[in-house]
Amino acid sequence: MTNVRVRFAPSPTGYLHIGGVRTALFNWLFARHHGGTFVLRIEDTDRARSTDEAIEAIVQGMRWVGLDWDEGPLRQTDRLDLYREKAKELLDQGKAYWCVCTPEELEVRRKEAQAKGESSKYDGRCRDKGITSPTGPAAMRFKSPQEGQTIVDDLIKGKIVFENTVLDDLIILRSNNYPTYNFSVVIDDALMNITHVIRGDDHVNNTPRQVPMFEAMGYQVPKFAHLPMILGSDKARLSKRHGATSVLAYQEMGYLPEALVNYLVRLGWSHGDQEIFTIQELIEKFSFENVQSSAAVFNHEKLQWLNAEYIKQGDPQHIATLLVPFLTQHGYDPNGPVQPQGGLEAVVPHVRERAKTLVEMADWFMPFITEPVTMDEAAAIKFLTPAIAPSLKKFAERMSVVDSLSKETLDPVIQSVLEEDGLKMGKFAQPLRVALTGRTFSPGIHEVMQLLGKDRTLHRINQAIQRIPS
RNA sequence: GUCCCCAUCGUCUAGCCUGGCCUAGGACGCCGGCCUUUCAAGCCGGCAACACGGGUUCAAAUCCCGUUGGGGACGCCA
């Protein structure tokens, strides 16, 4: 396939949601796979609901997940003259007409038709009025074919046949002189030479309305691929009540963009039994042949599992960088004096398999990035007892003279204390852990001491001993 | 209501086009065990699905028809 050109065309009426990202992702993958062009187009012809903030949120979301575009962002409101000109051409050619029915009248007729169980489509009463220059408010409608069939050969769903009798004379120009979606989308897809329209399932019914417009204006009709919907756990279309649907919310919840992308691509696409893909693999393997035609339920547990996998396998330095914003929320100062030995990336390998998100990981970092340690009182009462105090003290004294905190040098010290005091590792490790981290759970005790460094280790043990009632 | 789409474990899916290799495979989650200085991770094992009814065929998860169920669209929104 040569000169593949695709586009992602969101309307800026809110944040970029999960479904939108998946649509963008499939477009992007298809473009990259074929060495084609990916266009970002902002469909903002509804000036009442479109906002600049939403455009910014879309751009930010796209950047976060790493979907870069080759052209755009193009705004339809920058091209209004073009749509008006094309509408005029259709009018002049007798392929469109002025309609003076008011929105209120149309609303009433729709309701009546529905009540009678009839189709609620426009009855075409202005079609043959031949209005050339309306004096009051008027909208322009496209004359849809009323005979025959419109056949869409969808790349995912196969052949879909629509009887043209169900087609409506769509409004293409509103009475405020702004084009409607179904018109501007056709003009843009045609003039931007879009070869493949890849969009959500919810647009299948728009396709037979758009195809005749391409034909009426003599444009080549692009190929279509309609992606299955993403559903919530109750099988209803994914929406806010199912939890977070904004991409940026996933960033805040501590997900890695590559994990989200991997999860989203597997929602409707597969390559045998493989679950984890690099971006390069996705670009190589992506094809509509393997796209599911049925809807998929969004599953947070699996996303979380994938995120954990990416955290476990990722480059520690990369993860440490992504983690910084989460740590600063807890008072961490990247340039401050309280740092783990070896830097943040030294901690990552020891906490990564304990955290499913960066939010969780930040919590595991707490003992290493705060001073003094935050003590869990219940843990202190249970483990920092008068009985264990002498052993902790003995351990502190002996480890204060070792010259490294490696497992090899620390082990004999611990063993000597255990043997002399008749303790098992389990009885000694927990009090030590609580003394060092303020918690009953942490990475391995050796690692904790290494990350803390000798001075902080000794200080914390001594602080713990001091708070033990004698 | 009208039109369109869809239908394999709870969920994501492989298999379906090109019927036999399917006593239906993998993954998430769940349950049990192992490992163990905590918490995890890891390893091993288990539970769990072809929506239903008719055809076609020697043979159907796979092909055809119907039923049921689910989803989407019916705006001077996109």
Side-chain angles (χ1 to χ4, degrees), chain A residues 9-13 43-46 48-50 99 101-103 106-107 110 113-121 137-141 152 154 156-158 160-163 165-168 170-176 178-182 184-185 199-209 226 228-229 231 233 235-237 263 266-276 289-290 292-306 308 312 351-356 364 379 383 414 424-430 432-434 437 439-446 448:
Chain A
S11 63
T13 53
E43 313 229 318
D44 58 349
T45 53
D46 181 353
R49 292 195 296 161
S50 299
C99 170
C101 299
T102 67
L106 294 169
E107 174 76 30
R110 259 196 302 274
Q114 280 228 357
K116 281 192 273 183
E118 292 167 2
S119 161
S120 55
K121 75 176 200 176
M140 194 185 294
R141 287 182 185 270
V152 178
D154 192 271
I156 294 169
K157 296 182 184 299
I160 308 173
V161 180
F162 297 87
E163 294 298 330
T165 48
V166 308
L167 266 29
D168 213 326
L170 288 182
I171 288 180
I172 57 178
L173 217 52
R174 293 179 250 246
S175 50
N176 68 2
Y178 272 68
T180 56
Y181 160 76
N182 272 303
S184 55
V185 78
R199 59 194 358 176
D201 226 352
D202 47 340
H203 284 291
V204 280
N205 286 289
N206 283 144
T207 311
R209 304 155 153 244
H226 287 96
M229 300 270 86
L231 275 25
S233 48
K235 306 255 179 158
R237 189 180 176 155
Y263 177 70
R266 285 285 288 100
L267 230 41
W269 177 84
S270 62
H271 185 264
D273 289 338
Q274 189 171 348
E275 295 285 350
I276 299 177
E289 301 228 326
N290 306 310
Q292 196 84 0
S293 47
S294 52
V297 173
F298 190 93
N299 183 263
H300 290 269
E301 275 84 45
K302 189 148 187 181
L303 201 213
Q304 207 159 69
W305 168 76
L306 255 177
K312 278 185 284 191
V351 298
R352 69 200 320 186
E353 64 240 355
R354 295 169 164 85
K356 292 188 185 306
W364 283 97
F383 293 104
I414 294 174
K424 286 213 170 162
M425 186 57 176
K427 286 284 176 212
F428 182 64
Q430 274 310 73
L432 182 56
R433 187 185 316 282
V434 173
T437 66
R439 307 171 167 195
T440 55
F441 49 89
S442 79
I445 207 74
H446 297 89
V448 169

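Here the structure is a predicted model, which is why all the values come from computation and not from measurement.
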**Q** I need the A:Asp168 CG to A:Ser120 OG distance, nearest 0.5 Å.
**A** 7.5 Å
**Q** Nearest nucleotide by nearest heavy atom, which residue falls closer to the 5' end of RNA chain B, A:Thr102 or A:Ala429?
**A** A:Ala429
**Q** Counting only side-chain heavy atoms from C-beta out, which of B:rG29, B:rG72, B:rU37 sits nearest to A:Trp305?
**A** B:rG29
**Q** Assign A:Cys101 to base, sugar-phosphate, or nothing according to its heavy-atom contacts below 4.0 angstrom with the strands shown.
**A** base
**Q** State which of B:rC12, B:rA14, B:rA40 makes the closest approach to the side chain of A:Glu353.
**A** B:rA40
**Q** Can you check whether A:Val185 reaches A:His203 side chain to side chain, under 4.5 Å on heavy atoms?
**A** no
**Q** Would you classify A:Pro443 as touching base, sugar-phosphate or nothing, given that sugar-phosphate means primed atoms plus P, OP1 and OP2, and contacts are heavy atoms under 4.0 Å?
**A** base
**Q** Taking any strand in view, what nucleotide pairs with B:rU37 in a Watson-Crick or G-U wobble way, both distances under 3.5 Å?
**A** none
**Q** Starting at CE of A:Met229 and ending at P of B:rG71, how long is that distance when rounded to a whole Å?
**A** 13 Å
**Q** A:Val204 has a side chain; which of B:rU11, B:rC4, B:rA78 sits nearest to it?
**A** B:rC4
**Q** Between A:Arg209 and A:Ala236, which is nearer to the 5' end of RNA chain B once each is assigned its nearest nucleotide?
**A** A:Ala236
**Q** So, does A:Thr45 get its side chain near the phosphate of B:rA78, meaning an N or O under 4.0 Å from OP1 or OP2?
**A** yes
**Q** B:rC39, B:rU11, B:rA78: which one has an atom nearest the side-chain heavy atoms of A:Asn299?
**A** B:rU11
**Q** Using a 4.0 Å heavy-atom cut-off, does A:Asn206 contact any base of the nucleic acid, only the sugar-phosphate backbone, or nothing at all?
**A** base
**Q** To the closest 0.5 Å, what do you measure between OH (A:Tyr181) and CG (A:Leu170)?
**A** 11.0 Å
**Q** Once you apply a heavy-atom cut-off of 4.0 Å, does A:Lys312 come out as touching a base, just sugar-phosphate, or nothing?
**A** sugar-phosphate
**Q** Once you apply a heavy-atom cut-off of 4.0 Å, does A:Phe298 come out as touching a base, just sugar-phosphate, or nothing?
**A** nothing
**Q** In terms of the angle between their ring planes, are A:Trp364 and A:Phe441 parallel, tilted or perpendicular, with boundaries placed at 30° and 60°?
**A** perpendicular
**Q** Check every strand shown and say whether A:His446 touches a base, only sugar-phosphate, or nothing at a heavy-atom separation below 4.0 Å.
**A** base
**Q** Given B:rA27, B:rG25, B:rC3, identify the nucleotide with an atom nearest to the side chain of A:Asp273.
**A** B:rG25
**Q** What is the base-pairing partner of B:rA73, counting Watson-Crick and G-U wobble geometry with both distances under 3.5 Å?
**A** B:rU2
**Q** Taking everything shown except A:Lys121 itself, do over 12 heavy atoms lie less than 6.0 Å from its NZ?
**A** yes
**Q** Is A:Val434 close to A:Thr440 at the side-chain level, that is, under 4.5 Å between some pair of heavy atoms?
**A** yes
**Q** Just checking A:Ile160: base, sugar-phosphate only, or nothing, at a heavy-atom cut-off of under 4.0 Å?
**A** sugar-phosphate
**Q** Measure from the side-chain heavy atoms of A:Glu43 and tell me the nearest of B:rA78, B:rG1, B:rC76.
**A** B:rA78
**Q** State the pairing partner of B:rA60; accept Watson-Crick or G-U wobble contacts with both distances under 3.5 Å, and report none otherwise.
**A** none
**Q** Indicate, with a heavy-atom threshold strictly under 4.0 Å, whether A:Arg237 touches base, sugar-phosphate, or nothing.
**A** sugar-phosphate
**Q** I want to verify a distance call: between B:rG1, B:rC76, B:rU38, whose nearest atom is closest to the A:Arg354 side chain?
**A** B:rU38
**Q** Checking base pairs now: Watson-Crick or wobble, both atom distances under 3.5 Å. What partners B:rA7?
**A** B:rU68
**Q** Go ahead and name the base partner of B:rA48; Watson-Crick or wobble counts if both distances stay under 3.5 Å, otherwise write none.
**A** none
**Q** Can you say whether the rings of A:His271 and A:Trp269 are parallel (under 30°), tilted (30 to 60°) or perpendicular (over 60°)?
**A** parallel
**Q** Report the distance from atom CG of A:Asp201 to atom P of B:rC3, rounded to the nearest whole Å.
**A** 19 Å
**Q** For A:Ser442, which contact category applies under a 4.0 Å heavy-atom criterion: base, sugar-phosphate, or nothing?
**A** base
**Q** Using the side-chain heavy atoms of A:Asn205, tell me which of these nucleotides is nearest: B:rG72, B:rC76, B:rA78.
**A** B:rG72
**Q** Which one, B:rC74, B:rC3, B:rU38, comes nearest to the side chain of A:Arg433?
**A** B:rU38
**Q** Any base atoms under 4.0 Å from A:Gly268, or only sugar-phosphate, or nothing? Heavy atoms, all strands.
**A** sugar-phosphate
**Q** At under 4.0 Å between heavy atoms, what does A:Glu275 touch on the DNA or RNA strands: base, sugar-phosphate, or nothing?
**A** base
**Q** If you look at every strand shown and take non-hydrogen atoms under 4.0 Å, does A:Gln292 touch a base, only sugar-phosphate, or nothing?
**A** sugar-phosphate
**Q** Which part of the nucleic acid, if any, lies within reach of A:Ser175 when heavy atoms closer than 4.0 Å are counted: base, sugar-phosphate only, or nothing?
**A** base
**Q** Go through B:rC5, B:rA78, B:rU13 for me and flag the one nearest to the A:Lys157 side chain.
**A** B:rC5
**Q** Mind checking if A:His226 touches a base, just sugar-phosphate, or nothing, with heavy atoms under 4.0 Å?
**A** nothing
